[in-house]
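Input: a single structure, listed below in structure tokens.
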Amino acid sequence: MRLLSFSTALSLVLLGAPGVFASRCANCRPAPVSPTLGARAVESSSASATHVLSFNPTNEAIRTRPLAHNDVSAREPLTNAERIARRLPPQRPAALGHRPFRERTRAARDDDHRGPHPRPSATPCKSSPKRGRLLAFPLGFVSHATNEFGEYGMTSNPEEALVVVLKQCESDSAPFEIQTLNGLRDFSLLGGTVGFGSTNDDLSNGSFNYAYLDGVTSVPHGPARDAPNGFTAATGVEEAIESALWTVTEEPLLTTLHAQWINADGRPAPDVSLVWVTDENAFAFTSDVNAFEKAFGRAQVVSLLFIPDIL
């Protein structure tokens, strides 16, 4: 297998899909001045006026705290298949444990006393996990760094991009999780966290509701549920999350990721788009970009492309 530099791989991807994507933000309105609001969602006094809400908490009582990140150079160990592809020798077999002999024999004796019992076996992935970076086309890469609210931002430098692994272990259509290798240390999955300004956990047409692109922990596929996440850790504001929400569309030289947000009724949210909110230095999922812009200001729709480390 021929190995390509990251810049060469990126060039091939972009050259292979001219004109495929079109921004839905060609006539974006100027962003309104962001208010300072203490409430979760506040409507303007005039019924006919544009609603202006708080995308992130701005109450002076909220003090964000910094979150730990993994090192930029952090990488998941190569599999033997990847090592062979790079003409490297396979990994040495793992050692058979490092516990003292007395401790090992005690554990074995305890097992004998308990008698035979079933041992769970791991379900193998359909294919080797895919590792790479995420390009928010046509603007830049998803950054490994987050803003003060724990939400992932954007960078034009591939070396500062978030490095991820697609945990696609079932069928091509089944939603899966994405692991981050150099992002938030304690929230090592890339998922969605319900937005502070949302009225509930659902995304729908006609609603400005949204979810942050955030570091989360693993929860079963389904409607948003309370679990640790970067936004809550940074702000102290409890919000629900979804982790196994990713699906993929594969074409020659092009892998596009889509978010399948599940609403409270158990059905996928319609028309979910990923938008870049410039004034907030953050990405968000929403089902109605126009309603979102009226509430929070200018947002540009992006396509999330997976750029593999190896082609």
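Between W276 and T278, some side-chain heavy-atom pair lies under the 4.5 Å cut-off. Contact of the T180 side chain with the Y152 side chain is registered, since non-hydrogen atoms from C-beta on lie closer than 4.5 Å. Residues M154 and L139 form a side-chain contact, since some pair of their non-hydrogen atoms from C-beta on lies under 4.5 Å apart. At a threshold of 4.5 Å between non-hydrogen side-chain atoms, the residues V142 and F283 count as touching. Within the 4.5 Å cutoff, the side chain of K130 has no heavy atoms near those of the P308 side chain. Between L181 and V165, some side-chain heavy-atom pair lies under the 4.5 Å cut-off. Contact annotation: the side chain of L184 approaches that of H69 to within less than 4.5 Å [non-hydrogen atoms, C-beta and beyond]. For the pair F285 and S273, the minimum side-chain heavy-atom distance is 4.5 Å or more.
A salt bridge is absent between E280 and R298; no separation between the charged side-chain nitrogens and carboxylate oxygens falls under 4.0 Å. Taking a cutoff of 4.0 Å between a charged side-chain nitrogen and a carboxylate oxygen, D309 and R133 qualify as a salt bridge.
Hydrophobic side-chain contacts under 4.5 Å tie I241 into a cluster, directly or through other members, with L189, V216, V219.
Between the side chains of E177 and S218, at least one donor-acceptor pair of N or O atoms lies under 3.5 Å. E151 and N56 form a side-chain donor-acceptor contact under 3.5 Å, judged by distance and modelled atom types alone. For the residue pair N209/S287, the side-chain donor-acceptor check at 3.5 Å is not satisfied.
L162 and F176 end up in the same hydrophobic cluster when Ile, Leu, Val, Met, Phe, Trp and Tyr side chains are linked at under 4.5 Å. Linking Ile, Leu, Val, Met, Phe, Trp and Tyr residues whenever their side-chain heavy atoms come within less than 4.5 Å leaves I262 and L257 in two separate clusters.
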Derivation and outcome, side chain to side chain contact (heavy atoms under 4.5 Å, CB included), residues F141 and N157: CA-CA 7 Å; F141 293 92; N157 184 355; over 6 Å; no
Could you go through the side chain to side chain contact (heavy atoms under 4.5 Å, CB included) check for L134 and L305 one step at a time? CA-CA 6 Å; L134 301 177; L305 307 183; over 6 Å; no
Evaluation steps, side chain to side chain contact (heavy atoms under 4.5 Å, CB included), between W246 and V248: CA-CA 7 Å; W246 299 102; V248 66; over 6 Å; no
Applying side-chain hydrogen bond (donor to acceptor under 3.5 Å, both in side chains), run through E148 and T64 and close with a yes or a no. CA-CA 6 Å; E148 63 178 312; T64 59; 3.3 Å; yes
Verify side chain to side chain contact (heavy atoms under 4.5 Å, CB included) between D214 and F187, making sure each step is shown before the conclusion. CA-CA 9 Å; D214 189 20; F187 312 100; over 6 Å; no
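Rounded to the nearest 0.5 Å, atoms CG (N290) and CZ (F208) are 14.5 Å apart. Note that CD1 of I178 is 12.5 Å distant from OG of S188, once rounded to the nearest 0.5 Å. Of the inter-residue distances, the one linking E159 atom CD with H144 atom NE2 reads 10.0 Å to the nearest 0.5 angstrom.
Between the side chain of N182 and the main chain of A161, a donor-acceptor pair closer than 3.5 Å is present. In this structure a side-chain-to-backbone donor-acceptor pair under 3.5 Å is missing from T255 to E250.
Not counting sequence neighbours, D202 has no partner by the side-chain hydrogen bond (donor to acceptor under 3.5 Å, both in side chains) test. Considering only residues two or more places apart in sequence or on other chains, S143 meets the side-chain hydrogen bond (donor to acceptor under 3.5 Å, both in side chains) condition with none of them. Residues passing the side-chain hydrogen bond (donor to acceptor under 3.5 Å, both in side chains) test with T235: none are found, sequence neighbours excluded. With sequence neighbours left out, the side-chain hydrogen bond (donor to acceptor under 3.5 Å, both in side chains) criterion links S156 to no other residue. A search for side chain to side chain contact (heavy atoms under 4.5 Å, CB included) contacts involving H258 returns T247, T249, T256, not counting sequence neighbours.
The nearest pair of heavy atoms linking P268 to Q260 is CB-CG, 4.0 Å. Taking all atoms of both residues into account, the shortest heavy-atom contact from R185 to N70 is CG-OD1, 3.4 Å. For N263 against P270, the heavy-atom pair with the smallest separation is ND2-CD, 4.4 Å.
Each of Y212, W261, F231, Y210 was scored for a side-chain contact (heavy atoms from CB on, under 4.5 Å) with V194, with one residue passing: W261. For the pairing with D271, the side-chain contact (heavy atoms from CB on, under 4.5 Å) check across L203, T286, N205 returns one residue only, N205.
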